Amino acid sequence: MENLDWSNLSFNARHTKAVVKSVYRDGRWSAPEVSDDFNLHLDIFAGVFHYSNSCFEGLKAFRGADGKVRIFRPDENAKRMASSGAYLDMAYPSEEMFIDMCVTCVKENIDYLPPYGFGASLYIRPVLIGCNPQLGVQSSKEVIFMVMCSPVGLYSTSKGLTPTTAIISRNYDRAAPNGTGRFKLSANYATSLHPYNLAHRLGYGELLYLDSATKTKIDEFGSSNFMAIKGDRYVTPLSNSVLPSITNKSLQQIATDFGLTVEKRPIPVEELAEFDEVNACGTAVVITPIHTIEDRPGLESDVVTASYHFGSPDKCGPVSQKLYERIRGIQNGTEEDPYGWCLVL
Ligand code: PLP
Ligand code: COI
């Protein structure tokens with residue numbers, strides 16, 4: 001394999017040694033196959049190409065300070081994929097099959113697992129796609145479940161907890177009020193590509209979506225949850241359109257252990273003026289501090305109508321820093337894992 005610079009990994013797709021695949025056909029899953037073929041041979045009428053019969057997951061494996069390999073909360077990802085697959089009315093892997101195939105993927109690609117000390121990890125990407133030929137808008141009867149992985153640094157920056165900026169999305173929605181925001185459907189991400197590009201063109205690092213029914217409450221960022229620190233409170237949105245983030249759920253537990261009060265409730269946009277620290281949180285971003293959030297009438301507008309600032313533009317807030325260190329410590333095996341979150345291989 002090529003020599004990898006562990007200290008300079010970005011969040012990019014890289015072909016590793018192997019991918020693990022299983023096919024659901026005639027009511028049963030095939031035995032998982034380990035393959036070095038990173039291409040699929042699919043019928044061009046497969047549902048995934050036309051109607052986005054597809055969902056996915058994202059989780060990470062870490063090499064610990066003790067040399068052991070830890071996968072963070074794969075059972076939670078298995079459950080979330082089950083909910084996404086059930087929404088698409090297609091077959092999905094059992095929790096056991098999901099975890100087994102993730103473990104196989106990590107073991108097969110163990111040379112690509114970054115060593116301890118670089119802040120890097122092996123990002124595992126399980127994907128479920130509908131593959132039988134179809135023309136009508138229907139759920140897929142034949143499905144491929146595959147697990148691939150890629151060594152990654154942090155999502156937005158290689159420098160770790162460097163704060164970034166965000167813009168509120170006023171004229172583009174991520175999820176309809178009774179839509180699919182709480183599932184990890186590929187279609188949700190297609191919806192967000194155009195507004196993301198507009199936000200990036202304006203120079204913002206993140207895009208903050210509001211509830212699409214009233215545009216008065218905070219939902220989440222395009223690929224991560226929103227969480228804020230307000231005094232001794234950890235505040236995060238309660239919304240039917242937000243993806244239930246496993247990172248956020250874990251941070252809420254850690255915050256409670258630190259003696260913070262966790263408030264999961266609707267968050268009016270104006271409350272941004274009252275937060276001490278704001279972060280994006282998720283598997284890829286871990287915790288990414290947001291130092292400024294700006295509001296404009298639309299993503300094509302030159303007018304900034306409000307600007308909210310949190311802490312310093314070059315430093316993570318102190319409470320967020322503590323939360324970050326605890327979760328990363330658990331993942332690296334340098335902190336106790338009291339809830340047994342890590343699957344240790
Ligand atoms: N919200 C969205 C839209 C996401 O894509 C992600 C990433 O998975 C998250 C939140 C964070 O979820 P998790 O912490 O489970 O990775
Ligand atoms: C993750 O954080 O795992 C994600 O899935 C976010 C994004 C890369 C889609």
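All values below come from the heavy atoms of this structure, side chains included, with hydrogens, waters and symmetry mates left out. In each ligand, atom 1 is the first atom listed, and ligand 1 is the first ligand listed. Owing to the predicted nature of the structure, the values given are computational and were not obtained by experimental measurement. Along the sequence shown, residues are numbered consecutively beginning with 1.
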### Within the 6.0 Å centroid threshold, strictly below: Phe183 and Tyr87
yes
### Task
Could you tell me whether Lys184 approaches ligand 2 through its side chain, its backbone, both or neither, with non-hydrogen atoms closer than 4.0 Å?
side chain
### Message
With heavy-atom distances below 4.0 Å as the criterion, list the atoms of ligand 2 near Phe11.
### Response
8 (C)
### Task
Please confirm whether Lys322 makes a cation-pi placement over Phe258, using NZ or CZ under 6.0 Å from the six-membered ring centre and within 45° of the ring normal.
yes
### Query
Numbering the atoms of ligand 2 from 1, which are under 4.0 Å from a heavy atom of Tyr123?
1 (C), 3 (O), 4 (C), 5 (O)
#### Entry: Under 3.5 Å: N/O of Ser223 near N/O of ligand 2
no
### Query
Below 6.0 angstrom between ring centroids: does that apply to Tyr189 and Phe56?
yes
### Task
Report the relative orientation of the aromatic rings in Trp341 and Phe72; use parallel for angles under 30°, tilted for 30 to 60°, perpendicular for over 60°.
perpendicular
### Message
Please tell me whether Tyr204 and His200 form a close aromatic pair, meaning their ring centres lie under 6.0 Å apart.
### Response
no
### Message
Looking at ligand 2, is there an atom of it that comes within less than 4.0 Å of some heavy atom belonging to Lys60?
### Response
no
### Task
For Tyr123 and Arg125, run side-chain hydrogen bond (donor to acceptor under 3.5 Å, both in side chains): C-alpha distance rounded to whole Å, both residues' side-chain angles, the deciding distance at 0.1 Å, then the answer.
CA-CA 6 Å; Tyr123 185 84; Arg125 172 52 63 84; 2.8 Å; yes
### Message
If the threshold is 4.0 Å, N to carboxylate O, is there a salt bridge linking Lys184 and Glu57?
### Response
no
### Query
At a 4.0 Å threshold, what atoms of ligand 2 neighbour a non-hydrogen atom of Tyr189?
9 (C)
### Query
Who's touching ligand 1 if we go heavy atoms under 4.0 Å?
Arg80, Arg174, Lys184, Tyr189, Glu220, Gly222, Ser223, Ser224, Asn225, Leu243, Ser245, Ile246, Thr247, Cys281, Gly282, Thr283
### Message
Show the atoms of ligand 2 that are less than 4.0 angstrom away from any heavy atom in Ala284.
### Response
1 (C), 2 (O), 3 (O)
### Between Phe275 and Tyr308, ring centroids under 6.0 Å
no
Would you give me the side-chain donor-acceptor pairs under 3.5 Å for residues 38-55, sequence neighbours excluded?
from, atom 1, to, atom 2, distance (Å)
Asp43, OD1, Phe45, N, 2.8
His50, NE2, Ile44, O, 2.7
Tyr51, OH, Leu135, O, 2.5
Ser52, OG, Ala187, N, 3.4
Asn53, ND2, Gln138, O, 3.1
Asn53, ND2, Ser140, OG, 2.8
Ser54, OG, Ser186, OG, 2.6

### Message
Determine whether Tyr116 and Phe62 satisfy the following criterion, ring-ring contact (aromatic ring centres under 6.0 Å, His included), listing intermediate values before the conclusion.
### Response
CA-CA 8 Å; Tyr116 173 72; Phe62 303 86; over 10 Å; no
#### Entry: Phe56, any N or O under 3.5 Å of ligand 2 N or O
no
